[in-house]
Amino acid sequence: MSHLISVDTAVVVTGVTKRTLWRWLGSGAIEHRGMDQRGRTMLAYADIKPRLCMRFADAEDIELLVEADQGCPDAQNDLGILCLEQERADIALHWFNLAAEQGHADAMHFLSTMYQSGNGVERSETTALLWRVKAAEAGHAIATAQMARR
């Protein structure tokens, strides 16, 4: 089975610029695998696997990447957690932001925690509080309890 991901996701998980990725496509180092229903250029995971800046240990991790790329907020949040586990807060930030934009309360809380500690972002009490409030408003139990203690 060929797992396909978009150019944008390939940029995130390889850590290269979009320009570099397009050069790889132009040189034949990786292949264009068509377009998805949203008009995004798709690539085979297998083609970018040697260039990844993080580990996808098994088929389940790869499926998670594909689902996150397709816009599933649960998968985006879970992929953010996987990135944090691999000490790639910079990449986690991308996935948590995408999930949070779709109202994912856990992702909002993770963003709050990242800004609180300065993990992968510039430390900001204000931004941490903003995300904590949003998480609480979205029904996140821990964020709600944290806000009640303020």
Side-chain angles (χ1 to χ4, degrees), residues 1-18 20-22 30 32-49 51-150:
M1 172 185 221
S2 179
H3 294 96
L4 301 179
I5 60 171
S6 69
V7 165
D8 290 336
T9 290
V11 165
V12 171
V13 296
T14 60
V16 301
T17 65
K18 198 176 273 193
T20 296
L21 200 117
W22 282 108
I30 58 176
H32 180 277
R33 303 295 178 133
M35 307 288 267
D36 72 357
Q37 65 276 13
R38 293 187 277 173
R40 302 179 309 161
T41 299
M42 302 303 285
L43 309 171
Y45 170 81
D47 288 349
I48 64 155
K49 183 178 178 182
R51 297 167 168 88
L52 294 172
C53 62
M54 59 178 293
R55 291 178 318 283
F56 293 92
D58 53 30
E60 189 175 303
D61 287 352
I62 298 166
E63 282 296 326
L64 184 65
L65 176 65
V66 170
E67 288 177 31
D69 180 52
Q70 292 171 349
C72 173
D74 287 335
Q76 291 166 340
N77 183 70
D78 291 349
L79 189 53
I81 295 168
L82 179 65
C83 294
L84 287 179
E85 290 170 352
Q86 294 185 30
E87 298 182 8
R88 291 306 310 249
D90 56 330
I91 300 172
L93 182 67
H94 170 80
W95 295 110
F96 288 141
N97 273 311
L98 290 177
E101 287 171 10
Q102 297 182 70
H104 198 284
D106 286 343
M108 293 174 193
H109 192 256
F110 274 110
L111 288 169
S112 172
T113 303
M114 290 175 75
Y115 280 100
Q116 182 79 40
S117 65
N119 184 16
V121 294
E122 186 174 329
R123 191 175 184 287
S124 170
E125 281 291 324
T126 304
T127 306
L129 181 58
L130 170 87
W131 281 116
R132 192 171 304 117
V133 167
K134 288 183 178 189
E137 288 172 350
H140 193 276
I142 295 170
T144 302
Q146 289 170 330
M147 293 308 299
R149 288 194 305 260
R150 287 190 66 82

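Because the structure is a prediction, the values reported are computed rather than measured. Counting begins at 1 with the first residue of the sequence.
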Chemist: How long is the straight-line distance from CE of M108 back to CD of Q102, given to the nearest 0.5 Å?
Modeler: 10.0 Å

Chemist: Would you please classify the geometry between the F56 ring and the Y45 ring as parallel, tilted or perpendicular, with 30° and 60° separating the classes?
Modeler: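 Geometry flag for F56 against Y45: perpendicular rings.
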
Chemist: Just wondering, more than 12 heavy atoms not from I142 lying within 6.0 Å of its CD1?
Modeler: no

Chemist: Roughly how far, to the nearest 0.5 Å, is the OG1 atom of T113 from the CH2 atom of W131?
Modeler: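 Rounded to the nearest 0.5 Å, the CH2-OG1 separation comes out at 12.5 Å.
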
Chemist: Is there a side-chain contact between M42 and D69 (heavy atoms, below 4.5 Å)?
Modeler: yes

Chemist: Between OG of S112 and NZ of K134, what distance do you get to the nearest 0.5 Å?
Modeler: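 Result: 11.5 Å between the selected atoms.
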
Chemist: Does this structure show an ion pair linking R88 with D90, if we count only N-O contacts that are shorter than 4.0 Å?
Modeler: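 Counted as a salt bridge, because a side-chain N and a carboxylate O are separated by less than 4.0 Å.
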
Chemist: Identify the residue among L93, L98, N97 that makes a side chain to side chain contact (heavy atoms under 4.5 Å, CB included) with W95.
Modeler: L98

Chemist: So, R123 side chain and N119 main chain: donor-acceptor pair closer than 3.5 Å or not?
Modeler: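 Answer holds: no.
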
Chemist: Hey, what do you get for CD1 (I30) to CD1 (I48), rounding to the nearest 0.5 Å?
Modeler: 7.5 Å

Chemist: Rounded to the nearest 0.5 Å, what separation is found between the CD atom of Q146 and the CG atom of L129?
Modeler: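 Reported to 0.5 Å precision, the distance equals 10.5 Å.
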
Chemist: Over all heavy atoms of both residues, which pair between V11 and V16 is shortest? Give the atoms and the distance, please.
Modeler: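 Of all heavy-atom pairs spanning V11 and V16, the closest is CG1-O, 3.0 Å.
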
Chemist: Roughly how far, to the nearest 0.5 Å, is CE of M35 from OG1 of T41?
Modeler: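 Here the rounded value is 4.0 Å.
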
Chemist: Have Q76 and H104 got a donor and an acceptor in their side chains that come within less than 3.5 Å?
Modeler: no

Chemist: If you measure from the Lys or Arg side-chain nitrogens to the Asp or Glu carboxylate oxygens, is any gap between D61 and R55 under 4.0 Å?
Modeler: no

